[in-house]
Amino acid sequence: MTRDLPEAPPGPGGPALPQHRRLVTAIPGPRSTELLARRTAAVPPGVSTVLPVFIERAGGGILLDVDGNSLIDFGSGIAVTSVGNSAPRVVARVTDQVARFTHTCAMVTPYESYIAVCEALNRLTPGEHEKRSMLVSSGAEAVENAVKIARSYTGRPAVVAFEHGYHGRTLLTMTLTAKNLPYKHRFGPYAPEVYRMPMAYPFRWPTGPDRCAEEALATTIEAIEVQLGADQVAAIVIEPIQGEGGFIVPAPGFLPGLADYCAAHGIVLIADEIQTGFARTGQMFASEHEGIVPDLVTTAKGIAGGLPLAGVTGRAEIMDSVHVGGLGGTYGGNPLACEAALGAIETIEADDLCGRARHIEEVMLPRLRALAARHGVVGEVRGRGAMLAVELVAGPGDKTPNPTATAEVARRCHAAGLLVLTCGTYRNVLRFLPPLVIDDALLLDGLDVLDRAFEAL
Ligand SMILES: *Cc1c(COP(=O)(O)O)cnc(C)c1O
């Protein structure tokens, strides 16, 4: 950008928020409890909440609630605030932008920041080929658009997705999502031409992790050829590490096998990097861990420090195949969100947040493995970078999912001032997504809280 930017403020949204866990009331406290009553009267229960502490300020690794409690954030608003809440570069750019103009609609009269974000996406996503990007407002919208583009380019109807996959809550993306409760239950009929294949989930593969990639790939390819016909498949959509489904890292070789198959059959490979993208896994994008180059990449969550923005990036010939006016949306690439993305991307690159994510893995993994050694209910520790999880089971040698213990550990963490999230098809995975800017002392304090929550089981 050519324009001069104002000085970044001294800390997130003013004086830096002290980076210590500190509880001054029960969780939730009295003011949060009052607000929760108002929420219950005004908001339907379908929009649920993990932990009803109402937030006043946030920054670094801390969430400060309306009762004055400082909680450690191991969730980042579901992998969104990777650069931290109110990250200085994001605040500076958005503040400047909000005073200049807030919206023109990028499809009506454009502005530079939209182009700059697309250039950054084209530069940062895997592959050296010529690329184009388009911007929308949510992850689901990005996945919907990626499927529209793949169908338009190939002239084919079918879309292949995977067990345990999560791609959003709109009609098409809910259909692509694997799990019935809570995402699909009573919301049918679903979109047509979506087909689900087995996921190479090493921990639960019937014949064991070593044969997982090969067998999952063979089953997928056979199902495509026998049931669908490869020439009817527009796209294969996959998360390079599954998020909501349980932080499932596919068995090594599965993703490259899918990529080769797609290339051989003119199928568009869509990597849904919405949760894994923007340094979260220790690389800018998780596809890089296995060296795959997707045809299209969907991004959202970590892209803009919390402002609503999402993107589809892909091969120029695929992206350019859609007719003029076929893509867009009123708010897509909103100028505040674009400035936020430029601030977030600048932060990721200048502060080496990929390196920070790898550092977080180095700090957390040994601690989580030690936890697994002490507690038989921890069946597996997995993930990459600052996207780590433990899967809870009945006990040693019994992989029956243990959602009860999972909920109990999460509840104890919350009560002690550590925000953790759960996930997994069987609700038995504790996932850890700290902001990449969290300091080591907070990270270690959070891990101590987690240890005590397990000990209390
Ligand atoms: C969160 C998520 C989505 C949906 O994004 P929204 O912004 O909630 O619509 C899609 N895919 C993946 C992998 C996600 O984690």
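No experiment lies behind these values; they were computed from the predicted model shown. Both ligands and their constituent atoms are indexed starting at 1 by order of listing. Only this structure's heavy atoms are used, side chains among them; waters, hydrogens and symmetry mates stay out.
In this comparison of Lys301, Glu239, Glu273, the heavy atom closest to atom 14 (C) of ligand 1 sits on Lys301.
Atoms of ligand 1 found under 4.0 Å from any heavy atom of Ser138, numbered from 1 in the order shown, are 7 (O), 9 (O). Here is the list of ligand 1 atoms found below 4.0 Å of a heavy atom in His167: 10 (C), 11 (N).
Counting heavy atoms closer than 4.0 Å to ligand 1, residue Arg169 contributes nothing at all.
Salt bridge status for Arg356 with Asp351: absent, with no side-chain N to carboxylate O gap under 4.0 Å. A salt bridge is defined here as a Lys NZ or Arg NE, NH1 or NH2 lying under 4.0 Å from an Asp or Glu carboxylate O, and Arg382 with Glu391 meets this definition.
Checked against a 3.5 angstrom limit, the closest N/O atoms of Val143 and ligand 1 fall outside it. Between Asp272 and ligand 1, at least one pair of N/O atoms sits closer than 3.5 Å.
Here the heavy atom of the protein found nearest to atom 4 (C) of ligand 1 is Ala140 N, 3.7 Å. Protein heavy atom at the shortest distance from atom 7 (O) of ligand 1 is Gly139 N, 2.8 Å.
Panel note: side chain Glu273, backbone Ser287; a donor-acceptor pair is recorded below 3.5 Å.
For the 3.5 Å distance criterion, the side chains of Thr177 and Lys184 fail to qualify, holding no donor opposite an acceptor.
Using the six-membered ring where Trp is involved, Tyr114 and Tyr111 have ring planes that are perpendicular, over 60° apart on the 30 and 60° scheme.
The neighbour count for Glu222 CD, taken as heavy atoms of other residues, nucleotides or ligands under 6.0 Å away, does not exceed 12.
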